[in-house]
Amino acid sequence: MRIAILASGNGSNFEVIAQAIKEKKIPAELVLLFSDHRDAYVLERGEKFGVSCESFELKDFSDKQSYEAALLALLKKYQVELVVLAGYMRIIGKELLAAFPKRIVNIHPALLPNFPGLHGIKDAYEAGVKETGVTIHYVDSGVDTGPIIAQGKVKVAEEDDLADLEAKIHQLEHQLYPEVLAEIAKQNK
Ligand code: GRF
């Protein structure tokens, strides 16, 4: 299965997925890393792994539709079969969704449907929940909606500050995302 990862920033999830593919724990080919920010650190990680890296920005285009059309053309050029969002901070538009039905997955740092949106970890922390977690789901036209594939839970300890909770969440993400992608890749071999 030919996988593309879309990421906007740091890329720690990209790195663990790329490593798992390299070690053949995920039976797939990582054919493309795309970032919508030319200076994103994830692109440096991509170079290190020898993955084809491509980048353009929304502001290079007259509107969001043309940006998405270019992204769709790129995914087609690389014959991508599964799109993996790993810290990609944009809503996926209609045409991309239609081109990849149940073929776009996302990771969200909270137990959806709780705490969707940009600040899942902070929102859960500030709400004072005793438990939060990580959700991996197929993408639909909503914000962090779409059928849930897997969830993992994290306990919020009395003494945890926000940074502690962030570290716990990221640790779980780095374990769960490669596991789930391995399952999807096995089912689509
Ligand atoms: C992760 O917390 C992910 O759940 C969210 O964005 C963050 C990306 O982190 N969607 P990184 O860029 O993979 O380090």
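Predicted, not measured: the structure shown is a model, and the values here were computed from it. Order of listing sets the numbers, starting from 1, for every ligand and every atom in it.
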Legend entry - Identity and separation of the nearest protein heavy atom to atom 10 (N) of ligand 1: Ile107 O, 3.1 Å
Inset, instruction - Please verify whether a non-hydrogen atom of His170 lies at under 4.0 Å from ligand 1. - result: yes
Legend entry - Proximal candidate to atom 12 (O) of ligand 1 [heavy atom criterion; set Gly9, Ala110, Gly87, Gly11]: Gly11
Inset, instruction - Decide whether Val31 and Val42 are clustered together by the hydrophobic rule: side chain heavy atoms of Ile, Leu, Val, Met, Phe, Trp, Tyr closer than 4.5 Å, transitively. - result: no
Inset, instruction - Salt-bridge test for Lys155 and Asp160: reply yes if a basic N is under 4.0 Å from a carboxylate O, no otherwise. - result: no
Inset, instruction - Number the atoms of ligand 1 from 1 as they appear, then name those within less than 4.0 Å of a heavy atom of Asn10, with their elements. - result: 12 (O), 14 (O)
Inset, instruction - Pick one of side chain, backbone, both or neither for how Met89 approaches ligand 1, counting any non-hydrogen atom pair under 4.0 Å. - result: neither
Inset, instruction - Could you tell me whether Gln171 atom CD has more than 12 heavy atoms of other residues or ligands within 6.0 Å of it? - result: no
Inset, instruction - Distance to 0.1 Å, residue and atom name: give those for the protein heavy atom nearest to atom 14 (O) of ligand 1. - result: Ser12 OG, 2.5 Å
Inset, instruction - For Tyr41, check ring pair (Phe, Tyr, Trp, His ring centres under 6.0 Å) against everything at least two apart and list the hits. - result: none
Inset, instruction - Give yes if a backbone or side-chain nitrogen or oxygen of Asn106 is under 3.5 Å from a nitrogen or oxygen of ligand 1, and no if not. - result: no
Legend entry - Nearest-neighbour protein heavy atom for atom 9 (O) of ligand 1, which is reported as residue plus atom name and distance: Asn13 ND2, 3.8 Å
Inset, instruction - Return yes or no for this condition: an N or O of Phe14 is under 3.5 Å from an N or O of ligand 1. - result: no
Inset, instruction - Calculate, to the nearest 0.5 Å, the distance between atoms CD1 and NZ belonging to Ile184 and Lys102 respectively. - result: 9.5 Å
Inset, instruction - Check ligand 1 against Glu173 and write out every atom of the ligand that is under 4.0 Å from a heavy-atom position of the residue. - result: 1 (C), 2 (O), 3 (C), 4 (O)
Inset, instruction - Please check if Ile21 and Val105 belong to a single hydrophobic cluster, counting links between Ile, Leu, Val, Met, Phe, Trp and Tyr side chain heavy atoms closer than 4.5 Å. - result: yes
Inset, instruction - May I ask you to say whether Glu179 pairs ionically with Lys25, meaning some side-chain N is under 4.0 Å from a carboxylate O? - result: no
